[in-house]
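Both counts, for ligands and for their atoms, begin at 1 and track the order of listing. One-based numbering along the sequence shown.
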Amino acid sequence: MKDQIQKIILPLLLVGAAVVVLVWQHDEKAVYHCHQGYVFGTYYNIRYSSTKDLEQLVLKTMQDFDNSMSTFNKASTISRINTNQSDTTDLFFEQMYAVAQEISQLSDGAFDITVAPLVNAWGFGFRNKEKVTPQLIDSLRSIVGYRTISIHNHHLVKTNPSTMIDASAIAKGQACDVVAQVLSDNGCKNVLVDIGGEVVCRGVNDKGEPWRVGITKPQDDPDGSKQELQEIISTTGLNMATSGNYRQFYYDGDVRRSHTIDPRTGYPAESDILSATIATTSCMRADALATACMVLGSDSALALINRLPDTECYLICATQEDSLIIKKTTDFFAHVEKKE
Ligand code: ADP
Ligand code: MG
């Protein structure tokens, strides 16, 4: 008799408990969360709607990413590869490498992650600035070249052991993709991830409207305090990155040196583009292409972007008369303002 009661009562209790859990879950409302702070030497602004606060998960994801890709973190995968302490790659590194090499080929070497020694020499990198002479640039150019590295079985192979890698022109975009993916894996449909101006967004904002994303006006702004916008884009689905030479630059006498280096000459790029904004299939790709465009200059950049499927650009260029001119792909606004 006692056994029979147990057989009937126990399942009933379990069903009851399941119903309580379901009702409770149903009652839980998704709300918008916003996390802001500093990472990878820049700001982040992350917003999403969810029943759960995912801040710890977001922070852990960014820390894991930093442990792989930051050249300022001495124990990271990339730093250990740069100092030849290790040649072992990891997933973030391999994803970055694959896209970086593709964009290097597409841009004929204008984009090149092995540019690190030149970036350092010009004072924009993870090592101290050197006294730049034509001889120094020539000798550094001999250890730069995307074709001199390869990955075999999760190991990076360098033709020259002095070669170093700088993923700064692609990693912020990649980090946006990674954080957005983690949020999406956790059921978030409405997401905005902005890391230092590279942006991924999906769905709608807390007013139920498309997210609004700005393209900054390229004005000299070394401390990042000017926020005047050139355009505001209203969108429910976008992967967009901007590179510019209006924040990271210095004057060397009368010559303006900006942080985009032309790996083919060894000198800071002297391009007519003040800022290059790219929208494409991933933010990592957009980030790398934006830097490639800065090096190429507007005519070659537009020709490159026009050849690529699902890729649009908005280039703000300087004219000889010191005014601004916009060169963009025909479908830029149709693409970025699409409602998914
Ligand atoms: P931002 O910081 O404005 O988003 P980028 O995405 O263009 O700029 O990244 C610029 C950084 O990328 C530089 O500071 C340097 O570390 C690195 N870099 C410079 N020139 C190149 C290049 N030709 N190819 C790849 N990386 C570059
Ligand atoms: Mg970039």
Side-chain angles (χ1 to χ4, degrees), residues 39-44 69-72 78-79 82 96-97 99-127 129 137 140-141 144-147 149 163-177 194-199 215-216 218-222 224 239-250 257-271 273-280 282-297 300-301 304-305 313 315-316:
V39 72
F40 319 135
T42 187
Y43 72 88
Y44 65 85
M69 301 297 294
S70 171
T71 41
F72 294 92
I78 201 165
S79 293
N82 281 342
M96 178 282 294
Y97 174 88
V99 174
Q101 296 297 73
E102 186 203 341
I103 305 302
S104 294
Q105 274 165 17
L106 285 171
S107 67
D108 242 335
F111 180 85
D112 191 331
I113 50 171
T114 66
V115 76
L118 289 167
V119 173
N120 290 337
W122 286 106
F124 296 107
F126 50 89
R127 298 235 173 116
K129 183 177 181 312
I137 297 304
L140 293 178
R141 275 177 61 206
V144 170
Y146 68 96
R147 290 195 183 87
I149 53 168
T163 297
M164 289 188 288
I165 290 167
D166 177 350
S168 311
I170 182 169
K172 272 188 288 158
Q174 183 184 12
C176 290
D177 290 332
D194 170 359
I195 303 181
E198 325 304 19
V199 180
I215 297 179
T216 306
Q219 298 164 303
D220 281 1
D221 184 19
N239 311 305
M240 191 172 90
T242 299
S243 287
N245 63 12
Y246 47 97
R247 294 223 168 100
Q248 304 277 337
F249 66 88
Y250 60 85
R257 305 289 192 194
S258 78
H259 73 148
T260 317
I261 310 296
D262 188 337
R264 301 161 305 180
T265 63
Y267 283 76
E270 285 178 22
S271 129
I273 306 181
L274 302 176
S275 96
T277 297
I278 306 289
T280 186
S282 76
C283 199
M284 163 158 60
R285 212 175 143 73
D287 196 359
L289 280 170
T291 303
C293 288
M294 289 300 300
V295 176
L296 287 172
S300 305
L304 167 64
I305 301 302
C313 71
L315 311 174
I316 306 177

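- Residue contact check: Ser243 has heavy atoms under 4.0 Å from atoms 5 (P), 6 (O), 7 (O), 8 (O) of ligand 1.
- A donor-acceptor contact shorter than 3.5 Å is absent between the side chain of Tyr146 and the backbone of Ala100.
- Remark: side-chain polar atoms of Asp194 are not paired, donor with acceptor, to backbone N or O of Tyr44 under 3.5 angstrom.
- Within ligand 1, counting atoms from 1 as listed, the ones closer than 4.0 Å to a heavy atom of Thr260 are 19 (C), 20 (N).
- No side-chain donor-acceptor contact under 3.5 Å links Asp177 to the backbone of Ser282.
- Between the side chain of Thr216 and the main chain of Pro218, no donor-acceptor pair closer than 3.5 Å is present.
- Under the 3.5 Å distance criterion, the side-chain polar atoms of Asn120 are matched with a main-chain donor or acceptor of Phe126.
- With Asn82 contributing its side chain and Met164 its backbone, the two residues share no donor-acceptor pair below 3.5 Å.
- A distance-only check finds no donor-acceptor pair linking the side chain of Ser107 to the backbone of Ala292 [under 3.5 Å].
- Ranking the protein heavy atoms by distance from atom 7 (O) of ligand 1 puts Thr291 OG1, 2.6 Å first.
- Evaluated by nearest non-hydrogen atom to atom 13 (C) of ligand 1, the leading choice among Arg264, His259, Met294 is His259.
- Near Val119, with a cut-off below 4.0 Å to any heavy atom, the atoms of ligand 1 are 15 (C), 16 (O), 19 (C).
- Using a distance-only test at 3.5 Å, with no hydrogens or angles considered, a donor-acceptor pair links the side chain of Arg141 to the main chain of Arg264.
- For the side-chain hydrogen bond (donor to acceptor under 3.5 Å, both in side chains) with Ser243, the qualifying choice from Thr277, Thr291, Thr260 is Thr291, the only one to do so.
- Within ligand 1, counting atoms from 1 as listed, the ones closer than 4.0 Å to a heavy atom of Phe111 are 24 (N), 25 (C).
- Using a non-hydrogen distance threshold of 4.0 Å, Ala290 does not register as a contact of ligand 1.
- Summary: OD1 is the N/O/S atom of Asp287 found nearest to the Mg ion (ligand 2).
- Each of the following atoms of ligand 1 lies closer than 4.0 Å to a heavy atom of Glu198: 4 (O).
- The Mg ion (ligand 2) has Thr291 among its coordinating residues (N/O/S atom, backbone or side chain, under 2.8 Å).
- Taking CD1 of Ile149 as the start and CZ of Arg147 as the end, the distance is 12.0 Å to the nearest 0.5 Å.
- Using a cut-off of 2.8 Å, one finds that Ile170 contributes no N/O/S atom close to the Mg ion (ligand 2).
- At a 4.0 Å heavy-atom cut-off, ligand 1 touches Thr242 through the backbone alone.
- In terms of modelled atom types and a separation under 3.5 Å, the side chain of Glu198 and the main chain of Thr242 share a donor-acceptor contact.
- At a 4.0 Å heavy-atom cut-off, ligand 1 touches Lys172 through the side chain alone.
- Proximity of Ala241 to ligand 1, defined as any heavy-atom pair under 4.0 Å, is not found for any part of the residue.
- Ligand-side atoms of ligand 1 in range of Val295: 23 (N), range being under 4.0 angstrom from any heavy atom.
- Scanning all protein heavy atoms for the shortest distance to atom 12 (O) of ligand 1 gives Ala169 CB, 3.2 Å.
- Summarising the geometry of Gly109 relative to Pro263, their closest heavy-atom pair is O-CG, 3.3 Å, with the distance given to 0.1 Å.
- The shortest N or O to N or O distance between Ile261 and ligand 1 is below 3.5 Å.
- Of the possible polar contacts, none joining the Asp166 side chain to the Ala116 backbone as a donor-acceptor pair under 3.5 Å is found.
- For atom 21 (C) of ligand 1, the nearest protein heavy atom (residue, atom name, distance) is Val115 CG1, 3.8 Å.
- Heavy atoms of Asp112 found under 4.0 angstrom from ligand 1 belong exclusively to the backbone.
- Which parts of ligand 1 touch Asp166 is read off a 4.0 Å heavy-atom cut-off, strictly below it: atoms 15 (C), 16 (O), 17 (C).
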Test side chain to side chain contact (heavy atoms under 4.5 Å, CB included) applied to Ile103 and Leu289, step by step: CA-CA 7 Å; Ile103 305 302; Leu289 280 170; 3.8 Å; yes
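- At the shortest separation from atom 11 (C) of ligand 1 among protein heavy atoms lies Ser168 CB, 3.9 Å.
- Between Ala110 and ligand 1 there is a heavy-atom distance shorter than 4.0 Å.
- Atoms of ligand 1 lying under 4.0 Å from at least one heavy atom of Asp287, given by number and element, are 6 (O).
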